[in-house]
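Below you'll find the structure, written out as structure tokens, and then a few comments.
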Amino acid sequence: MRNFSLLILTFFVLISCSDETDFQVFENEVGQVEIVDNGNKIRLARDTAWYVADADGKRLYSCDEYKISAFFNVLRDIQVMGLSNHSQDGGFDAEIVLMKESGRKIKNLRLKAVAGSPQMIGSVNGGKCYVVGVPGLNVNPIVSFSALADYWKDLSLLELTPYNISKISVENFADPAQSFFISTVADGFEIRGADGNIIPGIDEQSIRRYLGSIAGKYRAAQYVDDQHFAPADSLFRLSVRTRIGDEETIVFYKKEGDFNQMFFRKGVEQGLAKYYDFDKILVEVEGVK
């Protein structure tokens, strides 16, 4: 009996020692995440993909897959680099609670950025504080643990598959003569100008080449609030209709003093997009030839 008790005690000591240095978490282990920082709090959950959830766990909107990937890459690769004398009462920048889908807690991490360094001070489940970091990372990973909803919001604006496009239009407000409208006709495509007439000199092979070149996902740089646009700010209107009838429209506006970015509005959402992310689509007529 004495040996059995000693074995149990040894087991719990090993678990305790292991827990307070084990920061690593894998995405497939996690079904819910709660993050608190600077008085903000957010809950992430997943079904087929990750989403921002309300207090009752209901979906608000999808998470940006790149932000989710960065979040779990940090947790997968995080390592203890040394013991820290940081006090448990010294304050932390973020607290992350990782849970199973059932809500059962897996780990509670508290993290604080080390100024001017890619390292952090961290504690697992209220244990000792350690210096932690991700080998090879030259930016502080604390940026991946935001509790702001806009940080996690899906930045994907558009996904184009050439064979699923039944109509695409690029309206050029600065030079309307460069606007064009491509649509399916029978088993092929045709291209018309702003006057509604067929644009001569562009054959179907050129149209298919253009549609093939624009295939892919298009993302916002960030979302913004309460931005007001004057008609004179309008640059382009991009509209895409799929073969099943779904239609998406994005209007782009110039950003004064910045030639690398432009504002956009899609439905009720507005934000910033990088010019070179859309330069394959937003071409003049000559760009289709």
Side-chain angles (χ1 to χ4, degrees), residues 64 66 150 153-289:
D64 185 275
Y66 293 89
D150 278 353
K153 200 169 190 178
D154 186 7
L155 292 173
S156 298
L157 292 177
L158 191 65
E159 183 172 3
L160 297 178
T161 305
Y163 301 107
N164 194 33
I165 295 175
S166 69
K167 183 177 181 180
I168 181 169
S169 63
V170 177
E171 295 176 72
N172 188 322
F173 294 110
D175 187 358
Q178 297 298 330
S179 300
F180 59 88
F181 305 81
I182 295 173
S183 56
T184 53
V185 177
D187 294 328
F189 294 92
E190 66 177 20
I191 182 168
R192 296 180 180 269
D195 58 6
N197 295 322
I198 295 287
I199 299 175
I202 302 180
D203 58 21
E204 188 169 324
Q205 184 178 358
S206 297
I207 296 173
R208 290 184 181 276
R209 190 181 305 117
Y210 166 75
L211 294 177
S213 73
I214 65 175
K217 289 185 178 181
Y218 295 84
R219 294 162 47 83
Q222 68 181 80
Y223 288 97
V224 298
D225 295 323
D226 302 324
Q227 187 69 36
H228 301 285
F229 308 107
D233 296 330
S234 303
L235 293 173
F236 300 95
R237 181 189 290 119
L238 171 66
S239 295
V240 181
R241 182 186 299 161
T242 68
R243 291 182 181 272
I244 61 173
D246 295 331
E247 188 161 354
E248 295 184 284
T249 297
I250 308 172
V251 181
F252 296 92
Y253 305 88
K254 62 184 172 186
K255 185 176 187 291
E256 292 294 341
D258 189 344
F259 298 101
N260 297 313
Q261 295 189 103
M262 51 190 171
F263 287 111
F264 72 85
R265 177 175 286 149
K266 181 183 178 183
V268 298
E269 304 286 358
Q270 52 191 16
L272 285 168
K274 297 176 182 177
Y275 272 103
Y276 63 77
D277 285 345
F278 288 84
D279 60 358
K280 289 183 180 180
I281 309 178
L282 304 177
V283 299
E284 297 182 343
V285 170
E286 290 295 319
V288 184
K289 291 183 178 180

request  = Count the heavy atoms belonging to other residues, nucleotides or ligands that lie under 6.0 Å from NZ of Lys266, then report whether that count exceeds 12.
outcome  =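 Yes, NZ of Lys266 has more than 12 neighbouring heavy atoms, counting only those of other groups under 6.0 Å.
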task = Mark yes when over 12 heavy atoms from residues, nucleotides or ligands other than Glu247 sit less than 6.0 Å from its CD; otherwise mark no.
result =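 Correct, the count exceeds 12.
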Looking at every non-hydrogen atom in both residues, tell me the closest pair between [X] and [Y] and how far apart they are.
X	Y	answer
Leu238	Leu158	CD2-CD2, 3.8 Å
Asp258	Tyr275	O-CE1, 4.3 Å
Ala220	Phe264	CB-CE2, 3.5 Å
Pro162	Ala215	CD-CB, 3.6 Å
Glu204	Asp187	OE2-O, 4.2 Å
Arg208	Phe189	NH1-CE1, 3.6 Å

Main-chain N/O of [Y] paired with [X] side-chain donor or acceptor, under 3.5 Å:
X	Y	answer
Tyr276	Asn260	no
Gln178	Val285	yes
Thr242	Asn164	no
Ser179	Asn172	yes
Arg243	Tyr163	yes
Asp64	Leu155	yes

What distance do [X] atom [atom1] and [Y] atom [atom2] have between them, rounded to the nearest 0.5 Å?
X	Y	atom1	atom2	value
Lys167	Ile165	NZ	CD1	13.0 Å
Lys255	Gln227	NZ	CD	8.5 Å
Phe229	Gln270	CZ	CD	5.0 Å
Leu211	Thr184	CG	OG1	10.5 Å
Lys289	Asp203	NZ	CG	10.5 Å
Ile250	Leu282	CD1	CG	8.5 Å

Please tell me if the side chains of [X] and [Y] come closer than 4.5 Å, counting only heavy atoms from C-beta onward.
X	Y	value
Glu190	Ser183	yes
Phe181	Ile191	no
Val170	Ile281	yes

key: Parallel, tilted or perpendicular, as decided by the 30° and 60° cut-offs, for the rings of Phe180 and Tyr210   =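 Perpendicular, since the angle between the ring planes exceeds 60°.
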message = Using the ring pair (Phe, Tyr, Trp, His ring centres under 6.0 Å) criterion, which residues pair with Phe278? Sequence neighbours excluded.
response =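 Tyr218, Phe252.
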